[in-house]
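What follows is a single structure, written as structure tokens, with notes after it.
Residue numbers begin at 1 in each chain, while the letters A, B, ... track the order of the sequences. Keep in mind it's a predicted model, so treat the numbers as computed, not measured.
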Amino acid sequence: MSGYKTYRISELIAGDQADIPVKVKGWVRNKRESKNVIFISLNDGSTIKNLQVVGDPQIFAEHLTRLINTGCSLAVSGNLQASQGQGQAVELQAEEIELLGEADPEMYPLQPKKHSLEFLREIAHLRPRSQTFGAVFRVRHALIYAVHTFFHERGFYNIHTPIITGSDAEGAGEMFRVTTLDPQRPPLTEQSEVDHSQDFFGRETNLTVSGQLEAEVAAQALGLVYTFGPTFRAENSNTSRHLAEFWMIEPEMAFYDLNDNMDLAEDFLKYLTSYALEHCQDDLAFLDKRNQEEENQKPQHLRQEMTLIERLQFVSDNKFERVTYTEAIEILRNSKPHKKKKFQFLIEGWGTDLQSEHERYLVEKHFKKPVILFDYPKEIKSFYMRMNEDGKTVAAMDVLFPGIGEVIGGSQREERLQQLKDRMKEMNVPEQELWWYLELRKFGTVPHSGFGLGFERLVQFVTGMTNIRDVIPFPRTPGNAEF
RNA sequence: UCCUCCUUAGCUCAGUUGGUUAGAGCGGCUGACUGUUAAUCAGUAGGUCCUUGGUUCGAGUCCAAGAGGAGGAGCCA
């Protein structure tokens, strides 16, 4: 049993080591069998590539080889050698095979055939074993690592903001209640309302919809900070771009104005895409091929002009287009689909929010590159965004990507106490709940900026997966929390 | 939440104007095969036609309600 050193498959398939005794452990993807030779494709999750295990049926008991089926787990020891066949540099000549766990082929759903993403969603506990989801989750990990690396290299500090929050004044969407009160018989006040003073925290609490306000606190002490944590929205959104539980990255920078903010956002997205291009080549090559096959199913006019890898290179190599909201409205008014009345929603004039189709036109047809829109009308943006000199617009910005739309939303924050109070009054945000947020403007206030990036949307863009439920291991959507 | 479409074998789907015993491909199983690459060849099993109710001599097919899924919209990240 000794003499075999254990390796992960990623360490072996390059082919720079051969004629050494090795032991590998993994799951069988496929078995091909003839009278004199058995081939097993073994995968251990370390790479999308499989290690080819070659076995001589004479030296293994038939009851063992019968149990080696798609999905079972094995430990295989033997000699790693140059492959006699095409398609791989090295293969493992098996000397010992240990069956760790069987997988009955009559029952195991993940058989070697094409499966739809919808079907794989129904077996979320097994789908990471498929090629597609293995690739997606490895890329997801690489991007997580790249996020931390990017900020660390630039002197940012990671801040853990609370997941349970006391304020519900942010207006970022419906919230999930957090309570330990008996749902059948909660304590009531004299006005027969639920008495939250008897709740665990002595007040009403919710799951966070954003760590921004807490990140602002940290930025005004540590200078440059970022959060990267789970975020919850109880909206009844049923789209390929929304989750009830998702991960958000929110940098917050003291002494940054809106231009500094846009520069950082652009650098960040370029860094992340080029990091993936450099470090996830095998997985991206697979996803690129998958994506092209998917595109070929579509009618010609709906197909993407660029392949996945071309799109990633395009983002990392080209400067994003920056236009004000006001300029964008002008472009849309002069556009062909507007003049020919092809838009489903008319451009109603300055002051209304842009519809998805308008954003898509700007990104995919007009500029044909990522677009940063900035200086939005104050009416359609949040209370904490800094009022511009014109009194009509705020220093907000959105980064729009082809295919997925808004990937980043950010702003320069209102650092002037009186202006902030005025805005809160206008938008009916209760001052007393955010007293601590206002105190930041009372004591040593500074200009500062930040943005939020929906991590899953980024993973969608980088992997080319069209449904957000396929880029997070356990998606939470309305009516679905099975796994 | 709104609009549109879908639900038939383990999976992906076909199923004609409502008419006898519901089909294919993939996957599984059995066998063959001297090196395969989601192998190849031959054979074979496998069905609550989403659920409930209705129309009809007769419903996978038509109608209604419900459940589940997908795409789009709104909300946003």
For a quick check of understanding: with a heavy-atom distance under 4.0 Å over all strands, which category does [X] fall into, base, sugar-phosphate or nothing?
X        : result
A:Asn50  : nothing
A:Ile408 : sugar-phosphate
A:Gln86  : base
A:Pro105 : sugar-phosphate
A:Glu118 : sugar-phosphate
A:Glu357 : nothing
A:Phe119 : sugar-phosphate
A:Glu91  : base
A:Gln355 : sugar-phosphate
A:Ser116 : sugar-phosphate
A:Thr231 : nothing

So with a 6.0 Å cut-off around NZ of A:Lys49, is the heavy-atom count from everything else above 12?
no
Determine whether any donor atom in the side chain of [X] lies under 3.5 Å from an acceptor atom in the base of [N], or the reverse, and answer yes or no.
X        : N      : answer
A:His242 : B:rC76 : yes
A:Arg457 : B:rC76 : yes
A:Gln111 : B:rG10 : no
A:Ser237 : B:rC75 : yes
A:Gln52  : B:rU36 : yes

Can you check whether [X] has a side-chain N or O nearer than 4.0 Å to OP1 or OP2 of [N]?
X        : N      : result
A:Arg241 : B:rA73 : yes
A:Ser356 : B:rG74 : yes
A:Arg360 : B:rA73 : no
A:Arg469 : B:rA70 : yes
A:Ser240 : B:rG72 : yes
A:Lys113 : B:rC11 : no
A:Asn238 : B:rG72 : no

Mutual orientation of the aromatic rings belonging to A:Tyr361 and A:Phe343 [parallel < 30°, tilted 30-60°, perpendicular > 60°]:
perpendicular
Distance between [atom1] atoms of [N] and [M] (Å, rounded):
N      : M      : atom1 : result
B:rU55 : B:rG18 : C1'   : 12 Å
B:rU44 : B:rG27 : C1'   : 14 Å
B:rA70 : B:rC13 : C1'   : 16 Å
B:rA9  : B:rA14 : C1'   : 13 Å
B:rU7  : B:rC62 : P     : 10 Å

The Watson-Crick or G-U wobble partner of B:rA67, with both key distances under 3.5 Å, is B:rU7
Tell me which nucleotide among B:rC75, B:rG28, B:rA77 gets nearest to the side chain of A:Glu406.
B:rA77
Does A:His242 use its side chain to pair, donor to acceptor, with the backbone of A:Thr239 at less than 3.5 Å?
no
